[in-house]
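Because the structure is a prediction, the values reported are computed rather than measured.
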Amino acid sequence: MSGCFPVAGLRCLSRVCRSLAREAPTSPGPTASLGAHFLRTLAETPPADVFLPGNWQDGGMAAQGAPRFLLTFDFDETIVDENSDDSIVRAAPGQRLPESLRATYREGFYNEYMQRVFQYLGEQGVRPRDLRAIYEALPLSPGMSDLLQFVAKQGSCFEVILISDANTFGVESALRAAGHHGLFRRILSNPSGPDARGLLALRPFHTHSCARCPANMCKHKVLSDYLRERAHDGVHFERLFYVGDGANDFCPMGLLAGGDVAFPRRGYPMHRLIQEAQKAEPSAFRAGVVPWETATDVRLHLQQVLKTC
């Protein structure tokens with residue numbers, strides 16, 4: 001499978017993305033401006049919603065007692081150090097999916113493919129409890145537990161949400177097992193849970209008109225809708241922070257402004273796309289960028305932010 005860049009409309013798959021990140025040439029080439037072109041296109045034609053500048057550009061302070069900062073996390077290869085969709089294959093007979101099933105994948109329709117994977121696993125006798133055990137055993141990324149504990153101790157400074165193209169059953173199982181589920185005000189992921197037969201079923205998160213994202217989720221729209229909802233509640237964030245790794249985490253970067261910070265995992269597709277944007281057109285990327293190798297890098301930066309504001 002290929003197509004980790006947003007224009008290909010495929011959610012980031014760990015093995016493919018890492019290969020692209022490491023094998024791509026460092027000198028500018030025909031694809032070197034992909035990131036800049038993508039951000040420019042985002043600014044000109046925001047997908048399926050209206051850009052919301054007011055939350056962090058009007059100079060207003062958050063209401064007293066309201067959270068000052070919105071901290072958004074991805075899940076796969078960000079909070080956890082694996083791609084959970086790859087991990088659940090361990091529940092399949094022989095820990096492999098049949099080639100006939102793998103051949104049904106269509107670029108841009110990864111969620112539909114995963115629906116078939118869950119159906120196949122159920123037909124092989126794999127029950128939700130078996131999958132929950134796998135999700136609960138997913139290792140956190142290095143330093144992530146300390147980061148989440150630090151954020152939890154900051155009281156109302158941060159409002160924390162999670163946007164993931166995985167699934168709610170897996171994300172919530174992993175977070176509960178790690179003791180961090182209560183930190184997140186909202187988990188925005190593809191709905192999943194046991195169906196009438198007792199098998200795990202998966203559905204798409206929403207529909208959208210963004211041509212750059214997979215059919216089931218555009219993270220730009222998810223974050224934009226959330227900001228609109230919170231503004232309606234009277235909550236106006238001073239700054240946005242976004243921690244991710246994959247190509248689908250690049251689409252919402254069009255919502256970040258000066259003073260906001262993107263935390264891309266170093267060497268992963270989100271980082272590469274940001275680098276391409278900065279190199280080809282420096283003014284196209286307005287937010288600060290703090291690459292991370294371990295979540296300690298994120299924690300140290302957030303500690304500094306709290307000291308200076």
Side-chain angles (χ1 to χ4, degrees), residues 6 38-75 78-79 151 154-165 168 171 183-191 204-210 212-214 216-264 270 273-274 277 284-290 298 302 305-306 309:
F38 182 52
L39 279 173
R40 187 166 58 249
T41 306
L42 274 175
E44 295 169 353
T45 57
D49 48 49
V50 178
F51 181 60
L52 301 175
N55 264 3
W56 53 91
Q57 293 178 334
D58 61 5
M61 299 292 286
Q64 188 171 5
R68 299 176 59 191
F69 310 124
L70 179 66
L71 177 59
T72 303
F73 284 91
D74 174 47
F75 179 69
T78 297
I79 288 183
V151 172
Q154 306 313 309
S156 62
C157 284
F158 294 100
E159 180 165 302
V160 189
I161 64 172
L162 186 148
I163 304 177
S164 170
D165 196 13
T168 54
V171 170
L183 175 63
F184 295 86
R185 182 180 185 273
R186 188 78 57 82
I187 292 174
L188 301 153
S189 189
N190 300 299
F205 181 80
H206 62 186
T207 59
H208 60 84
S209 59
C210 176
R212 299 170 292 269
C213 287
N216 64 293
M217 176 175 280
C218 169
K219 290 191 176 185
H220 181 288
K221 176 169 171 55
V222 176
L223 182 56
S224 179
D225 286 349
Y226 185 82
L227 290 169
R228 181 182 292 109
E229 173 193 321
R230 296 302 278 145
H232 184 266
D233 295 338
V235 177
H236 302 275
F237 300 106
E238 295 176 32
R239 300 175 70 180
L240 305 181
F241 301 100
Y242 192 107
V243 187
D245 72 285
N248 59 355
D249 294 312
F250 186 73
C251 193
M253 294 303 96
L255 291 169
L256 271 58
D260 300 333
V261 180
F263 294 95
M270 178 188 177
L273 287 168
I274 290 174
F285 201 88
R286 298 165 291 171
V289 181
V290 179
V298 180
L302 294 180
V305 168
L306 294 179
C309 39

Looking only at heavy atoms, which two atoms of Thr207 and Lys221 are closest? And how far apart? O-CE, 4.0 Å
Whether His208 side chain and Lys219 backbone form a donor-acceptor pair below 3.5 Å: no
Asn216 side chain to Phe205 main-chain N or O, any donor-acceptor pair under 3.5 Å? no
Is it true that a side-chain atom of Arg186 and a backbone atom of Ile161 form a donor plus acceptor pair closer than 3.5 Å? no
Here the gap from Glu159 atom CD to Arg68 atom CZ, rounded to the nearest 0.5 Å, amounts to 14.0 Å
Member of Thr72, Asp74, Asp249 meeting the side chain to side chain donor-acceptor pair (under 3.5 Å) criterion with Tyr242: Asp249
What's the verdict on side chain to side chain contact (heavy atoms under 4.5 Å, CB included) for Phe158 and Leu306, showing C-alpha distance, side-chain angles and the deciding distance? CA-CA 10 Å; Phe158 294 100; Leu306 294 179; 4.0 Å; yes
Could you walk me through whether Leu227 and Leu240 pass side chain to side chain contact (heavy atoms under 4.5 Å, CB included), step by step? CA-CA 10 Å; Leu227 290 169; Leu240 305 181; 4.0 Å; yes
For Pro67 and Val235, the nearest pair of non-hydrogen atoms, with its separation, is CG-CG1, 4.1 Å
Indicate the ring-plane relationship of Phe263 and Phe241, choosing parallel, tilted or perpendicular according to the 30° and 60° boundaries. tilted
Side-chain heavy atoms of Ile79 within contact of Phe184, under 4.5 Å: yes
Would you list the atom pairs, donor with acceptor, under 3.5 Å between side chains in residues 251-258 and any protein atom, with sequence neighbours excluded?
none

Below 4.5 Å, heavy atoms only, C-beta onward: do Arg212 and His220 meet side chain to side chain? no
What one should report as the nearest heavy-atom pair of Thr168 and Ser189 is CG2-O, 3.7 Å
Just how far is it from atom CG of Asp245 to atom OG1 of Thr78, taken to the nearest 0.5 Å? 3.5 Å
Does a side-chain heavy-atom distance below 4.5 Å link Val261 with Val305? no
Spatial distance of atom CG (Asn190) from atom NE2 (His206) [nearest 0.5 Å]: 8.5 Å
If you take all heavy atoms of Phe75 and Ser164, which pair is closest and at what distance? CB-OG, 3.5 Å
Closest heavy-atom pair, Leu70 versus Phe237, reported as atoms and distance to 0.1 Å, is N-CD2, 3.7 Å
Would you check, one step at a time, whether the test side chain to side chain contact (heavy atoms under 4.5 Å, CB included) holds for Val298 with Val290? CA-CA 8 Å; Val298 180; Val290 179; over 6 Å; no
With side chain to side chain contact (heavy atoms under 4.5 Å, CB included) as the test, pick out the partner of Cys218 among Cys213, Ser224, Ser209. Cys213
Do Asp225 and Leu188 make a side-chain contact, defined as non-hydrogen atoms from C-beta onward lying under 4.5 Å apart? no
